[in-house]
Amino acid sequence: MSFLFGNRSSKTFKPKKNIPEGSHQYELLKHAEATLGSGNLRQAVMLPDGEDLNEWIAVNTVDFFNQINMLYGTITEFCTETSCSVMSAGPRYEYHWADGTNIKKPIKCSAPKYIDYLMTWVQDQLDDETLFPSKIGVPFPKNFMSVAKTILKRLFRVYAHIYHQHFDSVMQLQEEAHLNTSFKHFIFFVQEFNLIDRRELAPLQDLIEKLGSKDR
C-alpha cells in the first residue's frame with residue numbers, strides 16, 4: 001500500500017510504526033530515549049546489560065524507520081519526479097530498486113518512487129510478526145539479522161539522498177540539527193554492531209568521519 005500522496009501536514013511520509021505500550025520492547029525504547037537524553041550517543045547505542053541483541057536491534061530499527069519517515073516527510077515537496085528523476089546520492093552513486101519478490105530485476109526510477117518502494121517494503125518487514133515479533137517469548141527468526149541489515153542499508157540511502165540532493169531545503173526548514181543528530185545516532189548504532197558494509201556508507205564517508213571525530 002502506498003501512502004505517498006497522503007496528508008502531508010502530518011509531516012510523516014508513511015504512518016508511524018508504534019511499539020505496543022507496556023511491552024518489553026516499549027521499555028527498551030524508553031531506555032534508549034533516556035540514554036539518548038544524556039547526550040553521549042556512543043554510550044546510548046550500546047546493548048543494555050542483560051538484554052537480547054536481536055530485540056535491541058529490532059527496537060532501534062523501528063525507531064530509525066520512524067525518524068527517517070519524519071525527516072523525509074518534511075522535504076517531500078522538494079523531492080519530485082522532475083527534481084530527482086533518478087535515486088542518487090551525489091553524481092557518483094545511483095540506486096536501482098529491487099525487493100526480490102515483487103520486483104526481482106533492479107529498476108531505475110525517480111527518487112520519490114524509489115523511496116516510496118523502500119519505505120513500503122520496510123514497513124511490510126516491520127509489520128511481519130514472524131520477522132519482528134512483538135510478543136514476549138516469541139523467538140526471532142534465524143534470518144533476522146540479515147533482514148535487519150538489509151533494512152538499515154536501505155534506510156541509509158534515504159539519509160544519503162537527503163544530504164546530497166536536499167540539504168539546502170533542510171537548512172531552509174531549519175531541520176539540519178535534527179537531521180544531523182538523527183544520522184549521527186544511526187551511524188553510531190550501525191558501527192557499534194557492524195550492520196552496514198563500509199562500502200555502502202561511501203556516499204557519506206566524509207560526513208561520517210567528521211561526526212566521529214567530533215565525538216572523540
Side-chain angles (χ1 to χ4, degrees), residues 1-18 60-128 131-132 143 146-173 175-176 178-180 182-183 186-187 190 195-197 199-205 207-208:
M1 190 174 176
S2 170
F3 302 92
L4 185 54
F5 302 107
N7 178 8
R8 284 185 176 170
S9 65
S10 64
K11 289 295 187 197
T12 63
F13 178 56
K14 301 251 172 229
K16 191 168 182 278
K17 170 73 180 168
N18 290 314
N60 281 277
T61 300
V62 170
D63 190 36
F64 289 129
F65 168 78
N66 286 333
Q67 286 185 42
I68 293 166
N69 199 358
M70 198 161 68
L71 287 163
Y72 184 68
T74 62
I75 57 104
T76 47
E77 66 194 281
F78 309 109
C79 186
T80 65
E81 299 280 333
T82 313
S83 68
C84 302
S85 58
V86 294
M87 174 61 179
S88 62
R92 289 173 54 208
Y93 300 96
E94 188 176 303
Y95 301 110
H96 296 176
W97 178 255
D99 59 17
T101 48
N102 297 325
I103 299 170
K104 292 190 166 69
K105 195 177 173 189
I107 58 166
K108 186 173 180 172
C109 55
S110 67
K113 191 76 187 152
Y114 184 101
I115 293 170
D116 190 32
Y117 279 136
L118 187 158
M119 297 299 266
T120 302
W121 177 84
V122 172
Q123 198 169 36
D124 288 345
Q125 310 310 300
L126 299 180
D127 287 341
D128 185 342
L131 278 177
F132 280 78
N143 66 334
S146 69
V147 172
K149 284 180 176 181
T150 303
I151 290 172
L152 293 165
K153 175 180 78 175
R154 289 176 172 173
L155 289 176
F156 168 81
R157 294 170 182 175
V158 185
Y159 280 119
H161 180 72
I162 293 172
Y163 272 110
H164 277 282
Q165 314 303 136
H166 299 293
F167 196 66
D168 286 352
S169 301
V170 170
M171 286 176 70
Q172 277 171 12
L173 294 164
E175 287 282 338
E176 68 266 35
H178 181 191
L179 174 64
N180 288 340
S182 173
F183 181 63
F186 178 88
I187 282 301
V190 299
L195 297 168
I196 301 180
D197 190 287
R199 285 168 305 183
E200 284 283 341
L201 300 174
L204 293 177
Q205 196 52 49
L207 176 63
I208 291 167

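By convention here, the first residue in the shown sequence is residue 1.
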Next on the checklist: Are the side chains of T101 and W121 in contact, using a 4.5 Å heavy-atom criterion?
Outcome noted: no

Checklist outcome for this item: Partner of F78 under side chain to side chain contact (heavy atoms under 4.5 Å, CB included), picked from V170, D168, L173, is L173

Checklist entry - Taking all non-hydrogen atoms of both residues, which atom of S182 and which atom of F64 are closest, and how far apart? => result O-CE2, 4.5 Å

Next on the checklist: If the condition is side-chain hydrogen bond (donor to acceptor under 3.5 Å, both in side chains), which residues does S85 pass it with, not counting sequence neighbours?
Outcome noted: none

Checklist entry - Considering all heavy atoms of both residues, which atom of L152 and which atom of I196 are nearest to each other, and what is their separation? => result O-CD1, 3.5 Å

Item to check | Nearest atoms (heavy-atom pairs only) where H96 meets P106 | outcome: CB-CB, 3.9 Å

Item to check | Distance-only donor-acceptor check, side chains D63 and Q67, under 3.5 Å | outcome: yes

Next on the checklist: Please report the interatomic distance NZ(K113) to SG(C84), rounded to the nearest 0.5 Å.
Outcome noted: 15.0 Å

Item to check | Interatomic distance, T80 atom OG1 to I75 atom CD1 [nearest 0.5 angstrom] | outcome: 10.5 Å

Checklist entry - Once you round to the nearest 0.5 Å, how far does NE2 of H178 lie from OG1 of T74? => result 8.0 Å

Next on the checklist: Nearest 0.5 Å, please: how far is OG1 in T150 from CG in D99?
Outcome noted: 11.5 Å

Checklist entry - Among Y114, F65, Y72, whose side chain to side chain contact (heavy atoms under 4.5 Å, CB included) with M119 holds? => result F65

Checklist entry - According to the interplanar angle, ranging from 0 to 90°, do the rings of H166 and H161 count as parallel (below 30°), tilted (30 to 60°) or perpendicular (above 60°)? => result perpendicular

Checklist entry - Which atoms form the tightest heavy-atom contact between R154 and L118, and what is the distance? => result O-CD1, 3.2 Å

Checklist outcome for this item: Taken in chain and number order and not counting sequence neighbours, the residues that satisfy ring pair (Phe, Tyr, Trp, His ring centres under 6.0 Å) with Y163 are F167, F183

Item to check | For N102, all residues meeting side-chain hydrogen bond (donor to acceptor under 3.5 Å, both in side chains), sequence neighbours excluded | outcome: none

Checklist entry - Can V122 and T61 be said to form a side chain to side chain contact (heavy atoms under 4.5 Å, CB included), step by step? => result CA-CA 10 Å; V122 172; T61 300; 5.7 Å; no

Next on the checklist: I'd like to know if the side chain of Q165 and the backbone of G90 have a donor-acceptor N/O pair within less than 3.5 Å.
Outcome noted: yes

Checklist entry - Nearest heavy-atom pair of E81 and P112: which atoms, and what distance? => result N-CG, 3.8 Å

Next on the checklist: To check you understand the geometry: which heavy-atom pair defines the closest contact between L131 and Q125, and what is its length?
Outcome noted: CD1-OE1, 3.3 Å

Item to check | Interatomic spacing from CD1 in I115 to OH in Y95 - rounded to 0.5 Å | outcome: 11.0 Å

Next on the checklist: If I take atom OG from residue S88 and atom NE2 from residue H164, how far apart are they, to the nearest 0.5 angstrom?
Outcome noted: 9.0 Å

Checklist entry - What class does the angle between the rings of Y159 and F186 fall in, given that below 30° is parallel, 30 to 60° is tilted and above 60° is perpendicular? => result tilted

